[in-house]
Amino acid sequence: METTLIKNLNTKTDQEVLIKGWVYNMRSSGKISFLIIRDGSALVQVVVVKKEVGEEEFAKIAKLGQETPVIIKGIAKEEPRSVGGYEILASNIEIVSENKSEYPITHKEHGVEFLADNRHLWIRTPKQTAILKIRSEIENSIRSYFQKRDFVLTDAPIITPAACEGTTNLFEIDYHGDKAYLSQSGQLYMEAAAMALGRVYCFGPAFRAEKSKTRRHLLEFWMVEAEMAFMGFEENIKIQEELVYTIIQDVLNNCENELITLKRDIDKLKQISLPFPRLSYSEAVEIIQNSDEEFKNFKWGEDFGAPEETYISNKFTSPVFIHRYPTEIKAFYMKPDPTNDKVVLGADLIAPEGYGEIIGGGERISDLDLLLSRIKEHDLPQESFEWYLDLRRFGSVEHCGFGLGLERTVAWLCGLEHIRETTLFPRMLHKMYP
Ligand code: 4AD
Ligand code: MG
């Protein structure tokens, strides 16, 4: 007999079904037991009646511990009062294996440290599976967005000889006696790929040895990075806002149950509309200086921290682009604004509700001499960048791109307090177990 996923029980009303899963919860009286079974797709209540399964079987089932794996045969019944709207009247329950001791994560409240140490088990709970499913939906949405628009998926290397995003948070590794680093960003390689293929993207892990503990930073995170040849600043922003808008619609359309499980305020996502507001860095500084907040003494030229970003984003219901940052606080490759060379044609997209920067991007320097002088100013080793400089020596054109942080996006759309729940096994400061 074919296994039915619990989420598909609605296609099997009044039919015999076979489900395979784990005991999530149970209660029992003398004659009848109610098991809540999870199979990863959903939860269902299974009703076991002593008369149906026999005295001996019933006694075994009444003692089942949390997370015992079981294979259940029974009739699927519509039951609006039950979780998921269905129920199974069991005719047979097979216990696949016995747990070696009591399951550590009970239905009581647990401290987050305990849960983090038991992340390998924590991910079995409904909230965590909902987050992982939304993450999967977001990844699918991103890939399909780019595939539909003729972008070519080109995966960037993980081991790199040079820094892309500054040298302060590099993970150094020994490459058979040479110094190498784990990639902070695939961007430089995407620039090469864009000159070969026109429109490209990569989607993979990025590594940053962040030295502070925050609820927005991981040491290993996933980033999708797009790069487009023959494209300027404005068009780049349009592609970003349409991408983010598409992700939101896909999550709203395909993850309703998960959003409900997470108690996400769905209206906040529904009210987001295109185009997203745009604010220059200078305008944003003015808003901050005119505030009554403790950061009102913020000076032009400083970088925004989480409090400033949150203050700005709270003025809007949609994500907001902040563009034209001071040259000094941005990466070496950013193109200066032709009308004001104190600022660059870069933009960050700041998510609503205090979730911070989810995208960094902008137009790249296409001029060889300017790029060379920036590499020197930033004290970067020119010999490691010769190949990158070749992109300006041969066939150099206007081009731009951006990188969207997957975990920040998941945290925002799921409405999570902390980024640690957005990925299977988070890597954080002083924590890489399990
Ligand atoms: O703004 P960032 O540093 O931009 C780049 O790396 C560019 N090279 C991307 C490009 O243009 N191709 O990082 C991009 C995004 C951030 O907006 C943020 O969402 C995420 O990556 N991010 C992090 N997410 C989790 N933990 C961290 N430590 C992160 N650092 C950046
Ligand atoms: Mg950034």
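Note that the numbering runs from 1 along the sequence shown for the chain. Order of appearance sets the numbers: ligands from 1, and atoms from 1 within every ligand. Values below: all heavy atoms of this structure, side chains included; hydrogens, waters and symmetry mates excluded.
Proximity to Arg408 (heavy-atom distance under 4.0 Å) selects the following atoms of ligand 1: 18 (C), 19 (O), 23 (C), 24 (N), 29 (C). Annotation for ligand 1: atoms under 4.0 Å from non-hydrogen atoms of Arg216 are 25 (C), 26 (N). Close contacts of ligand 1 with Phe402, meaning ligand atoms under 4.0 Å from a residue heavy atom, involve 10 (C), 11 (O), 12 (N). Taking every heavy atom of Ile359 and a limit of under 4.0 angstrom, the matching atoms of ligand 1 come to 17 (O). Listed by atom number, the atoms of ligand 1 under 4.0 Å from Arg364 heavy atoms are 10 (C), 11 (O), 12 (N). Short contacts between ligand 1 and Gly360, defined as distances under 4.0 Å to a heavy atom of the residue, involve ligand atoms 1 (O), 9 (C), 10 (C), 11 (O), 17 (O). Residue-ligand proximity, Gly403 to ligand 1, at heavy-atom distances under 4.0 Å covers atoms 9 (C), 10 (C), 11 (O), 12 (N), 14 (C), 15 (C). Near Glu225, the atoms of ligand 1 lying under 4.0 angstrom from a non-hydrogen atom of the residue are 8 (N), 9 (C), 10 (C), 12 (N).
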Distance-only check: which donor-acceptor pairs under 3.5 Å involve side-chain atoms of residues 292-308, not counting sequence neighbours?
from	atom 1	to	atom 2	distance (Å)
Trp300	NE1	Ser282	OG	2.9
Glu302	OE1	Lys299	N	3.2
Glu308	OE1	Gly305	N	2.8

Donor-acceptor pairs under 3.5 Å, side chain of residues 93-105 to any protein atom, not counting sequence neighbours: which ones?
from	atom 1	to	atom 2	distance (Å)
Asn99	ND2	Gln66	O	3.1
Lys100	NZ	Glu98	O	3.4
Tyr103	OH	Leu121	O	3.4

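Only protein N, O or S atoms were scored, and 1 of them lie under 2.8 Å from the Mg ion (ligand 2).
Looking from atom 17 (O) of ligand 1 to the surrounding protein, the closest heavy atom is Glu357 OE2, 2.6 Å. In this structure, the protein non-hydrogen atom closest to atom 5 (C) of ligand 1 is Glu165 OE2, 3.4 Å. Residue, atom and distance of the protein heavy atom nearest to atom 14 (C) of ligand 1 are Met223 SD, 3.3 Å. Regarding atom 26 (N) of ligand 1, its nearest protein heavy-atom neighbour is Leu218 N, 3.0 Å. The protein atom (non-hydrogen) at minimum distance from atom 19 (O) of ligand 1 is Ile358 O, 3.0 Å.
Residue pairs meeting the side chain to side chain donor-acceptor pair (under 3.5 Å) criterion with at least one member in residues 154-166, sequence neighbours excluded: Glu165-Tyr333.
Of the candidates Gln184, Arg208, Glu407, Arg208 brings a heavy atom nearest to atom 6 (O) of ligand 1. Remark: among candidates Phe207, Tyr189, Tyr333, Phe221, the nearest residue to atom 22 (N) of ligand 1 is Phe221, based on non-hydrogen atoms.
For the side-chain contact (heavy atoms from CB on, under 4.5 Å) with Leu345, the qualifying choice from Glu234, Met334, Arg324 is Arg324, the only one to do so.
Between the side chains of His399 and Glu191, at least one donor N or O lies within less than 3.5 Å of an accepting N or O. For Gln147 and Tyr201, the side-chain atoms include at least one donor-acceptor pair closer than 3.5 Å. Glu79 and Gln45 are not linked by any side-chain donor-acceptor pair at a separation below 3.5 angstrom, with hydrogens and angles left out of the test. Side-chain polar atoms of His418 and Thr422 form no donor-acceptor pair below 3.5 angstrom. Counted by atom type alone, Ser82 and Glu87 present one or more donor-acceptor pairs between their side chains at under 3.5 Å.
Ion pair Arg135/Glu407 flagged as a salt bridge, since at least one NZ, NE, NH1 or NH2 atom sits closer than 4.0 Å to an Asp/Glu carboxylate oxygen.
Judged by the 6.0 Å and 45° rule, Arg374 forms no cation-pi pair with Phe332.
Considering only heavy atoms from C-beta on, His323 stays 4.5 Å or farther from Leu279 through its side chain.
A distance-only check finds no donor-acceptor pair linking the side chain of Arg364 to the backbone of Glu398 [under 3.5 Å].
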